[in-house]
Amino acid sequence: MPSMMELEEMISSRFYVISNNNAENYRGHYAQSVGVHSLAVYPALQPSMPTPSAEANKGVSIIQHLSPKSWLFSRHSRQLVNEAMGTFRSLQGMVEDATPREGDDPLDLTSALINKSREYRSMLQACVCSLNSDLDKLEPDSDEYQEMAGQCQLLYKMELLLGLVEIIFVDSRPGSLILSQLVCWVRLHYPACTEQMVKIMAEEDPSQHNLYWQTIYELVCQGRMSDARQMLQQHPYCHTDAFVAIEEILRKMPTYQLYSGVSDGEFMLRWQHWQAECENRLQGGEFAAWSHLKKLAEIMCGNSASILSVTMCGEGNRNDRGGCWVPHLLATLLFTQPNVKLHRLHDAATRAITECCVKLSALDALLLSAMQGDALQVVRGCQQTLDNLWLGAHLTDLLHHALASQRHTQLSLAAMRESIVQDYALELAGHPSLWQVGIVYLDYCGTEGVKDASPLTSLLLERVPLTSDAKAHKVINMAEQRNLEHVVRGVCRVMGRRAANEGRLAAAIWWAVRAKDAPFTSHTAHQVLHRYLTSGEFQSSALLLDHLGPTMLLSETLTFLGKYREFHSLYNRGDRKQAADLLVTLISSKLAPQYFWPVLLLDVLPLLQSSEDSQDKDDEIVVTAAHTYELMYCLNSVVDKFQRDNSRDRGSAVAMECGLVRAFTQREHELRTCLAHNLARAIVTESSSHSVTAMSGISAA
Amino acid sequence: MPNSSSITKSYVYSKINSVRWKPSASTFSKPEIFISGSWDNEDNKVCVWRCASEGDPQLLQEISHAGDVSDITYISRDTAAVASSNGSVSLYKHADDTNKNLSLSQCFKHAHHFQSGSQAPCTSVASDGCLIATVGEDARLLLLSPGQHEPHRIIDSGSDSSEYAVTFIKTNEVLTGSLQGHLRLWDIRKAGNIPTVTMITTDQEWIRDVSCHPSQQHVVAAAGEAGALTLWDMRNTTQPFTSISAHSAPVLEARFHRNSPDHIFTCGLDGQLVHWDVSYHSARSLLEGTGGGGLVTSWLHPSVARGDVTTTALINAGPLPLNSVDVQGDVAVAASDNEALFVLRNLVMC
């Protein structure tokens, strides 16, 4: 497992120098990696030239962004990415369910794997279909047409390979006689002869069609005997002896079926009998009058020259769909070696290739390595030849689960699967729109049994550009599902900072509380207080502060803000006693920042004055004597501080002369008077009530 | 079987953020045309689809759209208002769907913006047929009227935290939901920026969508972060009537069925489409003759307060979010971040 540092290195900015020594006066280019998959390239500064400016470049940007282009992200293939994700996930789920608990036998996954492999194949086919339907709408000469036609070919070849891999690695049958599966595979991928057959049979006189015989040959080469017979019956001379004889041979050809109760050896015996009979009739000159029938018999006798002449000029094989060697291989095997085993397949394939004299393409090499049974080589080949990892990732995953029981390949396949799936996930994560799919894939490429999210997940989630609240909530949700608390906090913090920069303090506090970021919460709370100092209102934050609840305990300043807001609502409700108690507690507990004390003192003023007005009611002392002392101390320290500041620096004094602070300096004297009055009244009231209690105590005694 | 419900899933090459049925000409005609808007793509599009009685929906026409589409609503039979993450509100017109005539008829550019002047995403849009109400992350409620260039009215909501949801309760009352989980009711005829009612939930969890009962406007459903559907009786705004949880992640949209309001459909970040059904209560109260017949809405039935609601997950498209849902007649359409468009036909409703 690579360390966090290495992973971070993988996706963070790196700097490259591209030097070029050939040209004089040229210092080369710099390149810097941007995000996961792109590169920004710009020319190095040259001493002789002035600093590039917008005017000098005539508005042409000198920074070039390079990013790999893959057909996978084209309009049609994105379907592949999204659909495969579902299949991939359900496959992983199945594998997890099937993992044996202690004491249980491991469940057989083969049928599930075959299903999933077929799902992948049908996705590829659906993609080819939608591409084909769009191809019809385009001009055949346009670049777009060429590109899409190329994509079509590529998808077809991928499906071909996946089909072969399914036969050889996933759906391996007992006894490893694989010809019947190969027949199905070839029939599915080289359907030209059946299409041709349908076309010819629709004619008035099929036997006159110039491809009549060629189509029959091709059908026989794919083992479609009944189709071939059907076509032969359309011939005007189909009741002559030669035709009846060839039909009998076609009908009698034995085919091997697993579970039919016929053993391998017995089947070969029957097959050899059949071919011997065919040879006898050919030698006996039964078909001498009909060159076409003679050739048909030669094919069935395994005459390689005749087979080659058919497969080389087959209608469907002429356009280079994966080369013609695959149908040739099948025909040769059908009529020379019907009991071919997996381990002989590779030799037969190489022979077929030399006979066909084809140049090996990358796909052919992949098919060959699959026939060799070399799973690792197939994976490696996929990785090297395709420009994206869609097939590589899913194929490796499939092989990894299919070959789980084979110890020798298991270790290296597991490692390869992990790295390829991870690379594929990164490839997706680099896409501006498919990043969510990438993250889902990353969930499955950790070491098996480890439930934690891959460290890359958090690195990638942190790098998703947050364009709106909605996107931020989505990123937060993805991080929460994977227990990445630090990513959640990081996103909230970013959103909070952004809101604070816009001056949206209530939103900033909401995000900061979510981020559980005490320093930032305090900072924003201070900003709210400063705003209050100048304007005397809470403006936008009021609603938030009224309903903070327990979240206010996150930071002291926020607690103070919440409590101060509570004081306001108490005061507005007319609950003056409680309001005053709260206010004094706020001052004496040092919860209030000192710069805010003037405001608190100003708030006391109406409380003091109101109790002065209601002199007739002696018991209504809002601010007690003890509290009055506190307030006086507080007032003195504030005034002291002002004086100190004044003497030190005239400038800051001017700065202090704003909003509520100015109001405070103007009403300082009034405040002192009120405090003194209140103290006097409070002492009198308190002592009298005290003496009353004392008196009552004495009288009771 | 013609009556069995079916789901089709088709991949549409872009992440769809909002889907809405085009209002059909009469209540009895089958829903046919719907509009969709994508988000988070390099080029976002507004698309019009035809949904036949079976098979995948067919793309009729599309038009490029600047910014992510965050919400769509129809203001008339042929004009849809589209909210965009770049702060603008666009009106698209498509009268006759046999021709390619989807066109931008009006755009309120930069309608939502922060004080600094930078663009603020417009998050939700609602309409009562003549006025359009929009809210955005700049915490302002705009009332736009088609045809005029300047907003009809701007209400500064007095807060600065993003507003996420807006809906018309009556022609003069608009309800908004915000990041802090506050629901506020605004009388748009009254001057001043003070809401008529403020409804508060305790947890400060964001509300993403509010939906109003189509016939009994005092019943309001709000959905948001907790994954729960919160029902409010607007005659008692001190506390919610009930709050029932059915999603395991935040809910993105909640919609009353227009003709059978005993049904609500919600979709959320957990990829689920949930069908909420209380028709059982209305049937029972009708039979027993209690609750004043059809006068009392079944959503305010006492047993609903105890959580007695049938919920069914119709789609589970997890792990990626299901962004939007709309239901008309017995056909629902939903869209996910997996670039898939779901069509559910023959929904069972009574």
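On a predicted model such as this, the values are computed, not experimentally measured, just so you know. Letters go in sequence order (proteins before strands), and every chain restarts at 1. Heavy-atom basis, side chains included; hydrogens, waters and symmetry copies ignored.
- Residues Lys15(B) and Asp40(B) are paired through a salt bridge, judged by an N-O separation under 4.0 Å between the basic side chain and the carboxylate.
- For chain A, no part of Ser248(B) is nearby; none of its heavy atoms comes within less than 4.5 Å.
- For a residue to count as touching a neighbouring chain, one of its non-hydrogen atoms must lie under 4.5 Å from one of that chain's; by this rule Asn323(B) touches chain A with the side chain only.
- At least one side-chain heavy atom of Leu183(B) sits under 4.5 Å from a side-chain heavy atom of Trp232(B).
- Annotation: side chain of Trp71(A) is not in contact with side chain of Met148(A) (no heavy-atom distance under 4.5 Å).
- Salt bridge status for Arg489(A) with Asp517(A): absent, with no side-chain N to carboxylate O gap under 4.0 Å.
- Using a 4.5 Å cut-off between heavy atoms, Thr467(A) touches chain B through backbone and side chain atoms alike.
- Most heavy-atom pairs under 4.5 Å with chain A: of the set Ser178(B), Ser10(B), Ser116(B), this distinction falls to Ser116(B).
- In summary, Asp469(A) and Lys471(A) do not engage in a salt bridge, as defined by a charged side-chain N under 4.0 Å from a carboxylate O.
- Of the atoms belonging to Ile200(B), it is side-chain heavy atoms, and not backbone ones, that fall under 4.5 Å from chain A.
- In this structure, Trp511(A) has its ring center closer than 6.0 angstrom to the ring center of His473(A).
- Using a cutoff of 4.0 Å between basic side-chain nitrogens and carboxylate oxygens, Glu480(A) and Lys474(A) are not scored as salt-bridged.
- You'll find the ring centres of Trp435(A) and His431(A) outside the 6.0 Å limit.
- Heavy-atom distances place both the backbone and the side chain of Pro319(B) under 4.5 Å from chain A.
- For chain A, the nearby part of Leu320(B) is the side chain; its heavy atoms alone come within less than 4.5 Å.
- Of the atoms belonging to Gln180(B), heavy atoms from both backbone and side chain fall under 4.5 Å from chain A.
- Residue contact with chain A, scored on non-hydrogen atoms closer than 4.5 Å, involves the side chain of Ser118(B) exclusively.
- Listed options Ser130(A), Ala507(A), Ala470(A) were ranked by heavy-atom pairs under 4.5 angstrom with chain B; first place goes to Ala507(A).
- Proximity to chain B involves both the backbone and the side chain of Ala506(A), based on heavy atoms less than 4.5 angstrom apart.
- Contact tally against chain A (heavy-atom pairs below 4.5 Å) for Asn41(B), Asp156(B), Asp68(B): the top residue is Asn41(B).
- Of the listed residues (Arg78(A), Arg514(A), Arg504(A)), the greatest number of heavy-atom pairs within a distance under 4.5 Å of chain B belongs to Arg504(A).
- Heavy atoms of Glu205(B) lying under 4.5 Å from chain A belong to its backbone as well as its side chain.
- Leu80(A) places a side-chain heavy atom less than 4.5 Å from the side chain of Trp390(A).
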